[in-house]
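Keep in mind it's a predicted model, so treat the numbers as computed, not measured. The analysis underlying the following values was restricted to heavy atoms, covering all of them including side chains, and did not include hydrogens, waters or symmetry mates.
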Amino acid sequence: MEVEEETVVSLDLSEYRKDTIDKLKIAIMTTSILMAFVIVLGCLILYVDGRVMLTEENEVKEMPEQWAVLVAGSKGWDNYRHQADVCHAYQVLHEHGVDDDHIVVMMYDDIAYSDENPTKGEIINKPNGPNVYKDVPKDYTGENVNPQNFIAVLKGDKEAVKGKGSGKVLTSGPNDNIFVYFADHGASGIVAFPSDFLDAQTLNAALQDMHKNKLYKQMLFYLEACESGSMFEGLLPDNIGILAVTASNSTSPSFACFYDEKLDTFLGDVFSVSWMENADSENIEKETVEEQMEKIANTTAVYSEIGHFGDGSIVKDIVGAFEGPKDTGNIDTTTDITDAVPAYEVPIARLEKNRKNNSDKIHSLRKGRKFVDDIVDDIVYKVVGEPENVEDIFEQVHEIRDFECFTKVVREFHDKCFNLGENGFALRKVHVLANLCGSEVLHVDKEENSENIIGVIQGVCNHPKMVEIN
């Protein structure tokens, strides 16, 4: 039987392999070019706008940004601590990664190079502390630290600050978070500026305008001032994404601390030092606003009760969403507070540290305060006479009931009697005007009440302009 010879067919695959390899090379090159194009395009978008991202659904969306406004509303060596607080606040935000072009700083800037400063160009916020003045932006200084510019900065009104300071304002959008920190003197329904004041209604109206114009997603507002709760109580809605935390409630003082013998002044404020030392020592990328508030409250409890108003849901957010997105290593810089005094008593407390050498100054200060007391006493007498509860009108501080009357009357008192930015002791009498406008201690007929009080003020306050009655 013959065996059929098997035929073997040999295929030359070399050409096939070469063609496949060439196609793979082309595919890889094309893919690489497309990837490079996408990366370059993404970088270009981020470079041009800085605020764009792609969602999972490939929709273009703005990235959230962090903005801050830091304000010291006072001037003078007595008030050293307010500018020290604000300079420290800048260092906290800067170290935690908030860009300088997103931080607006307002401070009079008369402390660092004051004749009373033995270490020129330096400001400290605690005993033997670091120089917090270094590299602080000076967007608005001197007479440009005023309520009009502050409101313009918040509302992003560039035209209103044209030719004033740096002209920098918030240019935030609906996805952005804003942190506002304000340190100064305050009283019922107002906070002071170096030569003026801002009333609670004007501030809250500006905040609601910001919400209406979608200038932020959420805002955290820290306010250091006496009776600072009165700036928000009954006025700040809980549905516009703002949480306000205040150094005191509506009727109590805030407290200064860290008296320095060499500088002969107080270096900080209890509430302010507490939140900043917390930010310096804790991981604010994990700590919540609620946790920071609790730690502040624990530190300040022996002195005053902090207040919080507005959108309570914000307490669950991390602190870093407002004070900076970067962890700085959590160095414990906490300093015990043992020498706190009510903020309005700082002028006399400084003098009494060296009572023997300051006897003339103490006498002059007391005379100035008595003059203010006498003027206010005359106003009260000519408005209501001598009712049985007249002492309550002078002493008791209550929530403001008639803001319309109060705002008009305080403005007249400021213009005709005592500039509230330049006479700290006169701030201590503002609650009397609130009582005259109607409160728990004095029920009045609102009809023409403000006109009556204003008329009395115009008749009583005919003395020359006075300043530095503290």
Side-chain angles (χ1 to χ4, degrees), residues 69 71-76 78-79 82-83 86 106-108 140 142-155 160 180-207 221 223-233 235-236 244 246-248 250-251 253-254 269 343-344 346-347 372 375-376 379 397 399-400 402-437 450 453-454 457 461 465-470:
V69 181
V71 183
S74 65
K75 62 181 178 181
D78 265 351
N79 299 314
H82 296 142
Q83 292 182 57
V86 161
M106 304 181 78
M107 64 178 187
Y108 205 83
Y140 299 90
E143 64 182 14
N144 286 320
V145 182
N146 60 56
Q148 294 78 25
N149 287 346
F150 174 55
I151 295 298
V153 167
L154 289 178
K155 295 169 71 172
V180 180
Y181 168 60
F182 189 107
D184 191 19
H185 296 289
S188 293
I190 65 173
V191 289
F193 278 81
S195 297
D196 204 346
F197 70 90
L198 174 66
D199 68 85
Q201 280 191 313
T202 300
L203 173 60
N204 282 274
L207 297 178
F221 197 131
L223 177 56
E224 171 78 62
C226 290
E227 296 158 33
S228 44
S230 64
M231 291 299 290
F232 301 105
E233 187 170 22
L235 294 171
L236 182 64
T246 60
S248 62
S250 297
T251 61
S254 62
D269 292 286
Y344 59 81
V346 163
V372 174
I375 291 292
V376 174
I379 292 171
V397 183
E399 181 182 347
I400 298 169
D402 188 347
F403 266 102
E404 185 177 353
C405 169
F406 174 74
T407 303
K408 291 177 182 177
V409 167
V410 170
R411 177 56 63 182
E412 194 70 19
F413 184 78
H414 168 83
D415 290 340
K416 294 290 191 291
C417 303
F418 303 100
N419 183 301
L420 294 174
E422 297 178 350
N423 295 281
F425 186 71
L427 278 171
R428 310 308 332 134
K429 305 302 170 181
V430 164
H431 69 278
V432 177
L433 303 177
N435 285 337
L436 291 179
C437 281
S450 60
I453 301 170
I454 288 170
I457 288 173
C461 294
K465 179 180 178 180
M466 305 187 76
V467 297
E468 297 185 5
I469 302 177
N470 297 314

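- In this structure the side chain of Val410 reaches within 4.5 angstrom of the side chain of Leu420, judged on heavy atoms.
- Within the 3.5 Å criterion, the main-chain N or O of Ala247 finds no donor-acceptor partner in the side chain of Glu224.
- Rounded to the nearest 0.5 Å, atoms OH (Tyr181) and CG (Leu223) are 9.5 Å apart.
- When each of Phe232, Phe150, Phe221 is tested with Phe182 by the rule ring-ring contact (aromatic ring centres under 6.0 Å, His included), just one qualifies, namely Phe150.
- Between Glu227 and Glu233, every side-chain heavy-atom pair lies at or beyond the 4.5 Å cut-off.
- Residues Ala200 and Leu235 approach most closely at CB-CD1, 3.5 Å, considering heavy atoms.
- The side-chain heavy atoms of Met231 and Thr246, taken from C-beta on, include no pair separated by under 4.5 Å.
- A salt bridge links Lys408 and Glu404; the closest N-O separation between the charged side-chain nitrogens and carboxylate oxygens is under 4.0 Å.
- Expressed to the nearest 0.5 Å, how far SG of Cys417 lies from CE of Met466 amounts to 12.0 Å.
- Closest non-hydrogen pair, Glu422 versus Pro194, comes out as CG-O, 3.4 Å.
- Of all heavy-atom pairs spanning Phe406 and Gly189, the tightest one is CE2-CA, 4.2 Å.
- Residues Ile400 and Ala434 approach most closely at CG1-CB, 4.1 Å, considering heavy atoms.
- Looking at heavy atoms from C-beta onward, Arg428 lies in side-chain contact with Cys226 at the 4.5 angstrom threshold.
- Between Ser195 and Asn419, the shortest heavy-atom contact is O-ND2, 3.1 Å.
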Problem - Candidate pair Phe418 and Ile375, rule side-chain contact (heavy atoms from CB on, under 4.5 Å), full reasoning - result: CA-CA 10 Å; Phe418 303 100; Ile375 291 292; 3.9 Å; yes
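- Side chains of Phe413 and Ile453 form no contact here, defined as non-hydrogen atoms less than 4.5 Å apart.
- How far CG of Asn470 is from CG of Asn79: 7.0 Å, rounded to the nearest 0.5 Å.
- Checked by atom type and distance alone, the side chain of Asp196 never pairs as donor or acceptor with a backbone atom of Asn146 at under 3.5 Å.
- A salt bridge does not link Lys75 with Asp184: none of the charged nitrogens is closer than 4.0 Å to a carboxylate oxygen.
- The CG atom of Asn423 sits 9.0 Å away from atom NZ of Lys465, with the distance rounded to the nearest 0.5 Å.
- Contact check for Leu236 versus Leu207: side-chain heavy atoms found under the 4.5 Å cut-off.
- Note that CD1 of Ile457 is 6.0 Å distant from CD of Glu412, once rounded to the nearest 0.5 Å.
- A pairwise comparison of heavy atoms in Cys437 and Asp402 identifies O-CB, 3.8 Å as the closest pair.
- The backbone N or O of Leu198 sits nowhere less than 3.5 Å from a side-chain atom of Thr202 that would complete a donor-acceptor pair.
- In this structure the side chain of Ile379 reaches within 4.5 angstrom of the side chain of Leu436, judged on heavy atoms.
- Remark: side-chain polar atoms of Ser248 are paired, donor with acceptor, to backbone N or O of Ala225 under 3.5 angstrom.
- Heavy atoms from other residues, nucleotides or ligands lying under 6.0 Å from CD of Gln148 number more than 12.
- A distance of 8.5 Å separates NE2 in His185 from OG in Ser254, rounded to the nearest 0.5 Å.
- Residues Asp199 and Phe403 fail the side-chain proximity criterion, which asks for heavy atoms closer than 4.5 Å.
- Using modelled atom types, no side-chain atom of Asn435 and backbone atom of Val397 make a donor-acceptor pair closer than 3.5 Å.
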